[in-house]
Amino acid sequence: MAVKFERRGTTGFVTLANPPVNAMGLAVRQGLDAAVTWAEAEPGLTRVIVSGGERVFAAGGDAREFDAPPVAPHLPDVLSRIETSTVPWIAAIRGVALGGGCELALACRYRIAHPDAQLGLPEVTLGVIPGAGGTQRLPRLVGYGAALDMIATGRSVTAPQAKAMGLIDLVSDTPDIEAEMVVPELLDQIVPLWERPVDGYDPGLTTAALQSASQKSKSQLAPQEAVRMVEMAALTEFDQAMLAERETFIRLRNGDQARALRHIFFAERAAKAPDWLTAAPLDVRMAAVVGGGTMGAGIAYALLSVGLSVCVLETDPDGVARAQVNVDKLISQSLSRGFLTDQKAEDIRRRLTVSDDYSVAADAELAIEAAFESLEVKQMVFGRLEAVMRPDTVLASNTSYLDLDQIANCLSDPGRLVGLHFFAPAHVMKLLEIVRGAATNDLALATGYALAKRLRKIPVLSGVCDGFIGNRILQRYREAADTVFMDGSTPWEVDEAMVDFGYAMGPYEAQDLSGLDIAHANRRRQDATRDPNRRYIPIADRMVELGKLGRKTGAGWYRYPGGGPKVDDPIVADLALEECHFEGRTRTDYNAEEIRRRLLLAMINEAAEILNEGIAQNARDIDLVTVFGYGFPRWRGGLMHYADTLGAEAILAQLKELSGEDALVWRPSPVIEDCAARGIRFADWSR
Ligand code: COA
């Protein structure tokens, strides 16, 4: 039974019982509908108290049902019955009341929540709007501005905030007991929300909300529609606006953006240790981090924030001082942004040691190496760690490109080594690539997964190859960008095309931020193994020769006069003209559509090859990597989900067309050919 109800005295008790999160699927809607009918038929019943679980009141509509046509009874109808029932309902909320859960509370006559409860309408984050009266009832309860803010951004509020804004009537440690104190006479005096006006309507607020939505969620439909619906609450009669809300909800729900956002929502939750990994992880209490640069300090801070003791190891006293400053900076930043209390900061400092003496790592269960990207340096580091740490502990490398198996060769037990590839800033970015080397043992892997969970990061398993999943795709993206640039465009045209696609910034601006020297070092490393028949684009090398390394040198692909915003640089544009001339090529004026096509196809083809080689386990993992590590627009569902919207057959045809220009670069991956031949999606591909 997804909804239980019983009578005690003159009160009806309705409990949602649909684990794990009381999603309001068909069974819950039927149960609530039946509860209304039951309560109205019970003689002498004066109120109904509805509650959920300890952690979750209700998480809203069951998003797993959203791919199929809606089935009656529909939530807006059930909630309308609750709102207009002859027996008034009271919501007693513990845990989260989100989406339909919050809408259920809004349909009740009175709302009481535990101090730790959270209420919100996060539908826009799933590409839809509240579809069961949320856009119409919330503004009638909390006023126009506050409702606009919550619904258009999807932000939730705590119970005390909800009380302050009038969203709930009472905060109580025992909401269910408190609900029994609410006398029927009080409930009778309360005007149901649908009969109330919207306070504080101001068209200026609508304009501001639309502007903010188009800035923060450019190209996304749901936030704009959410604003439009809240405005309807102020300007249109309730029943008519409810119909419009429902129509908009269904339209968005069936659209590509909502489908993509649902895909990412569920992919994020499916990212966990594979079933075959049954080894128990090490109980890590203390971790060593080797290297206190930006990456090492970020990793150290992330570990400290979840309660671990951390020793940061450096090579000499200068390094120790620098590392200390780097971690301190992160602590101060969090303090000033209100993420940390003074007491928590003090506690973090107490658990941090920075030293150039490796013996302080003797008690650590895990060491994460974030040293300079050189095989020799890394092997030296692991040799020193091996000498001081117990043999049953786990060693991890944060290498971005190097061969994990070669690094492991220096260890007497190479099975101890796992790759843990963090993304900068490591305490913020949610992705963690867990790299499994040829020898990596299950204990090391399981410990990596357990750490990801503790850090609330999204783990994605990768095999060993140059750049693993993410950086390997990134290299192809950059190569395609440089080719388009050299053969006809400018960096700013390329960037603009990709920003229009949905990236927060294009590949050139992004590289200016991270620095051109890292990719340059990689190209030199790859010189020995690069296929001599593959076209090599020399532009990025010319940039490094000119000392244009990005923002840190004041100029890269763009100029940054006075350290300010980027400015197009005609000298950079001329480099492409020169190089093209040297190679005797005729330049082509690519439009934005063509630029996007080439960059995206290059990435999709590489990603398919990554699947083909078994480096990624499935297409969904590539989606997670591209969205959470590389800024691929979430509302497009990740690279392979996007590829599936194009279809393998169409992709294959385009690659074949481009292979006329360069047969090596555009050679279609066998996985694309296979998906096209079998008529299947990348999401469903397996060997
Ligand atoms: N519909 C269907 N399934 C849902 C769901 C929803 N609205 N919300 C959560 N689930 C599922 C998850 O997929 C997961 O399933 P799994 O165990 O098979 O992987 C399970 O419930 C637990 O969710 P999870 O997010 O891992 O648990 P949590 O305790 O970390 O967080 C919530 C709980 C409710 C805060 C979080 O799940 C959430 O924010 N849900 C979405 C709320 C929302 O956007 N509602 C509006 C829907 S239109």
Side-chain angles (χ1 to χ4, degrees), residues 400-401 403 421 423 431 433 435 460-485 494 498 501 503 506-507 510-511 518-519 522-523 525-526 529-531 533-537 540 595-633 636-648 650-659 661-676 681-683 685 687:
S400 317
Y401 290 94
D403 184 337
H421 184 211
F423 291 76
L431 180 65
E433 278 181 328
V435 185
V460 171
L461 190 63
S462 171
V464 175
C465 67
D466 199 308
F468 313 117
I469 299 173
N471 279 342
R472 181 165 156 183
I473 296 173
L474 176 69
Q475 283 191 38
R476 283 293 289 119
Y477 179 49
R478 286 189 179 151
E479 183 197 44
D482 285 357
T483 310
V484 159
F485 169 31
V494 173
M498 298 321 287
F501 179 76
Y503 276 92
Q511 198 179 30
I518 304 169
N522 275 321
R523 286 194 300 278
R525 189 174 47 76
Q526 292 161 343
T529 50
R530 184 177 299 114
D531 180 350
N533 295 318
R534 192 179 174 105
R535 182 175 173 204
Y536 182 78
I537 310 291
I595 294 172
R596 271 193 290 278
R597 179 171 88 109
R598 286 168 182 259
L599 270 57
L600 289 162
L601 280 175
M603 284 199 284
I604 292 167
N605 202 27
E606 190 67 29
E609 207 35 41
I610 284 170
L611 278 179
N612 189 36
E613 292 170 21
I615 299 294
Q617 298 195 100
N618 51 51
R620 190 185 62 209
D621 279 357
I622 296 175
D623 290 333
L624 289 172
V625 168
T626 49
V627 167
F628 291 103
Y630 296 85
F632 193 93
R636 291 196 188 267
L639 182 63
M640 297 317 270
H641 182 88
Y642 170 72
D644 274 328
T645 64
L646 302 177
I651 291 170
L652 182 62
Q654 296 190 47
L655 287 170
K656 282 186 173 160
E657 178 208 318
L658 288 169
S659 33
E661 274 177 30
D662 188 328
L664 209 55
V665 167
W666 295 110
R667 182 170 53 208
S669 161
V671 167
I672 296 178
E673 288 173 333
D674 194 29
C675 286
R681 300 181 315 155
F682 295 111
W685 184 84
R687 205 170 288 283

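This one's a predicted model, so the numbers in the text were calculated from it and none came from an experiment. Nothing fancy with the numbering, it's 1 onward along the sequence.
- When each of R523, Q526, E606 is tested with Q475 by the rule side chain to side chain donor-acceptor pair (under 3.5 Å), just one qualifies, namely Q526.
- Taking the six-membered ring wherever Trp is involved, the centroid distance between the rings of F501 and F632 falls below 6.0 Å.
- Looking at K656, R598, E657 one by one, the single match for side chain to side chain contact (heavy atoms under 4.5 Å, CB included) with W666 turns out to be R598.
- Of all the heavy atoms in A608 and I672, the pair that sits closest is CB-CG1, 3.6 Å.
- Judged by distance alone, the side chain of S462 and the main-chain N or O of E433 form no donor-acceptor pair under 3.5 Å.
- For A676 against A648, the heavy-atom pair with the smallest separation is N-CB, 3.6 Å.
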Original post:
Could you go step by step and tell me if R525 and D466 meet the side-chain contact (heavy atoms from CB on, under 4.5 Å) rule?
Top reply: CA-CA 10 Å; R525 189 174 47 76; D466 199 308; 3.1 Å; yes
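- Applying the side-chain contact (heavy atoms from CB on, under 4.5 Å) rule to N471 yields the partners S400, Y401, H421, L474, Y630; only residues at least two apart in sequence or on another chain are considered.
- Ring centroids of Y503 and Y477 are separated by less than 6.0 Å, placing the two rings close together.
- Within 6.0 Å of atom CZ in R667, 12 or fewer heavy atoms from other residues, nucleotides or ligands are found, so the atom counts as exposed in its surroundings.
- W685 and L611 make their closest contact through CZ3-O, 3.8 Å (heavy atoms, listed as atom of the first residue, atom of the second, distance).
- The side-chain hydrogen bond (donor to acceptor under 3.5 Å, both in side chains) search around E609 returns N612, S669, not counting sequence neighbours.
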